[in-house]
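Just so it is clear, the values below take in all heavy atoms, side chains as well, and ignore hydrogens, waters and symmetry mates. Throughout, numbering of the chain's residues begins at 1 and tracks the sequence. Numbering of ligands and ligand atoms starts at 1, following listing order.
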Amino acid sequence: MLTVAHLFAFAALLGYASAHFQLTYPASRGFDETKEPTAPCGGFDTVGERVPFPLGAAYIKLASEHEQANVRVMISFKTNPTNISDFTNSTTGQTQAPVRDFFQVDGEDICIGVNVKSIGYQNVTEGTPATLAVQYAGGDGNLFQCADIVLLSNATIPSNVTCSNEYNVPTGTGTGGSSGTPTASSSTTSSTGGTERSISAATGASILALIGLVSSML
Ligand SMILES: *[C@@H]1O[C@H](CO)[C@@H](O)[C@H](O)[C@H]1NC(C)=O
Ligand SMILES: *[C@@H]1O[C@H](CO)[C@@H](O)[C@H](O)[C@H]1NC(C)=O
Ligand SMILES: *[C@@H]1O[C@H](CO)[C@@H](O)[C@H](O)[C@H]1NC(C)=O
Ligand SMILES: *[C@@H]1O[C@H](CO)[C@@H](O)[C@H](O)[C@H]1NC(C)=O
Ligand SMILES: *[C@@H]1O[C@H](CO)[C@@H](O)[C@H](O)[C@H]1NC(C)=O
Ligand SMILES: [Cu+2]
């Protein structure tokens, strides 16, 4: 009998391990699939090289391996943030808004518009060091990636960072994120999202073909 377990075994044989997401711009401190559920930085708790990042309108980029996910972008101005409470938060009781509060993204190539300056964080100015954290819920729990930056008006996004699927800062909020009542989608335990993207339609077809072949030999 061929079972779902066989399907996964075949997928594993073919090299389609499950994966989550990566912050590709600014490049994350690192990616370790097994540690990625660890808040706030996916298991990478040491500050890395701080890269110049635009203080005003800009975007970050994710490689997303779930078809759909809820994401939130946070920032910390601590020298060495190691606790999620070191990052900006829109939850009741915290005054600083996140850079972008939870919203849904679809697809694998995702750019998220951000504008740190427009949020008006206290004392944030030319040359302020900071750490960005992205929280991502794609159906298998919350996942985290961080990048260390220096905020500069004259920083430019490298030309090889291109966007085909951009989620702009919502117009009218001026903050890039709601600081009001969290919506249903802003639960930290949100699990909206589909299946792992790791088995594409084409791969699925070839797995089915393989199963057909194996079955015919039984
Ligand atoms: C993070 O900070 C909160 C609030 O200060 C504290 O209760 C919690 O234990 C800390 N978590 C870790 C992992 O240090
Ligand atoms: C936001 O605050 C809530 C309640 O204090 C806490 O549970 C949550 O971990 C905080 N999240 C961040 C990103 O600071
Ligand atoms: C902002 O700067 C002022 C003046 O230097 C200082 O008194 C205040 O503590 C700073 N606030 C924060 C949140 O760092
Ligand atoms: C950008 O601004 C910073 C601080 O104002 C300055 O030190 C740096 O030289 C500037 N870089 C460029 C490329 O203009
Ligand atoms: C863009 O180029 C830089 C420097 O060559 C490289 O480190 C980075 O990985 C590239 N980024 C992308 C998204 O290709
Ligand atoms: Cu995943």
Side-chain angles (χ1 to χ4, degrees), residues 7-8 11-12 15-24 26 28-47 49-58 62-72 74-96 98 102 104-110 116-117 123-131 133-146 148-159 161 188-200 203:
L7 260 180
F8 282 108
Y16 293 91
S18 69
H20 302 316
F21 90 103
Q22 296 184 39
L23 175 60
T24 56
S28 76
R29 289 178 180 177
F31 171 72
D32 180 333
E33 191 182 320
T34 59
K35 290 195 222 154
E36 204 175 26
T38 308
C41 292
F44 291 83
D45 282 342
T46 308
V47 174
E49 186 194 349
R50 293 189 187 276
V51 299
F53 185 82
L55 176 59
L62 312 184
S64 174
E65 286 141 3
H66 290 263
E67 286 169 22
Q68 196 173 78
N70 281 328
V71 297
R72 170 165 74 168
M74 297 170 285
I75 195 165
S76 176
F77 304 108
K78 297 231 166 142
T79 314
N80 183 24
T82 53
N83 188 317
I84 194 160
S85 67
D86 294 333
F87 287 83
T88 56
N89 190 354
S90 68
T91 309
T92 312
Q94 300 236 343
T95 51
Q96 294 203 300
F102 277 109
Q104 184 182 305
V105 297
D106 300 273
E108 46 192 292
D109 185 44
I110 292 161
V116 173
K117 190 177 187 181
N123 296 357
V124 171
T125 181
E126 285 297 332
T128 298
T131 299
V134 179
Q135 181 173 352
Y136 173 107
D140 54 5
N142 288 296
L143 305 168
F144 300 89
Q145 289 262 278
C146 288
D148 300 299
I149 59 174
V150 177
L151 294 163
L152 288 168
S153 303
N154 64 4
T156 53
I157 296 173
S159 58
V161 180
T188 51
T189 55
S190 171
S191 60
T192 304
T195 50
E196 197 82 29
R197 163 173 300 281
S198 48
I199 301 179
S200 68
T203 311

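- Side chains of R50 and I149 form no contact here, defined as non-hydrogen atoms less than 4.5 Å apart.
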Output, or 'none' if empty, a list of ligand 1-protein atom pairs in which both atoms are N or O and the distance is under 3.5 Å, rounded to 0.1 Å.
| residue | atom | partner | partner atom | Å |
| --- | --- | --- | --- | --- |
| ligand 1 | 2 (O) | N83 | OD1 | 3.4 |
| ligand 1 | 2 (O) | N83 | ND2 | 2.3 |
| ligand 1 | 2 (O) | S85 | OG | 3.3 |
| ligand 1 | 11 (N) | N83 | ND2 | 2.8 |
| ligand 1 | 14 (O) | N83 | ND2 | 3.3 |

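- The closest approach of H20 to the Cu ion (ligand 6), by N/O/S atoms, is made by ND1.
- Looking only at distances, a side-chain donor or acceptor of T88 sits under 3.5 Å from a matching main-chain atom of I75.
- At the Cu ion (ligand 6), the vertex angle linking OD2 of D140 with NE2 of H66 is 100° (nearest 10 degrees).
- Separation of atoms OG1 (T38) and CG (N142) is listed at 11.5 Å; rounding is to 0.5 Å.
- Listed by chain and number, the residues in a side chain to side chain donor-acceptor pair (under 3.5 Å) with K35 amount to none (sequence neighbours excluded).
- Residues satisfying the ring-ring contact (aromatic ring centres under 6.0 Å, His included) criterion with F21, sequence neighbours excluded, are Y136.
- In terms of polar-atom proximity, E126 is not counted as a contact of ligand 4, lacking any N or O under 3.5 Å from an N or O of the ligand.
- When distances to the Cu ion (ligand 6) are checked against a cut-off of 2.8 Å, E36 contributes no N, O or S atom below that limit.
- In this structure, the side chains of K78 and T131 stay at 4.5 Å or more apart for every pair of heavy atoms.
- Taking D109 as the reference, K61 meet the salt bridge (charged side-chain N to carboxylate O under 4.0 Å, His left out) condition, with sequence neighbours excluded.
- Shown here is E126, whose CD atom has more than 12 heavy atoms of other residues, nucleotides or ligands within 6.0 Å.
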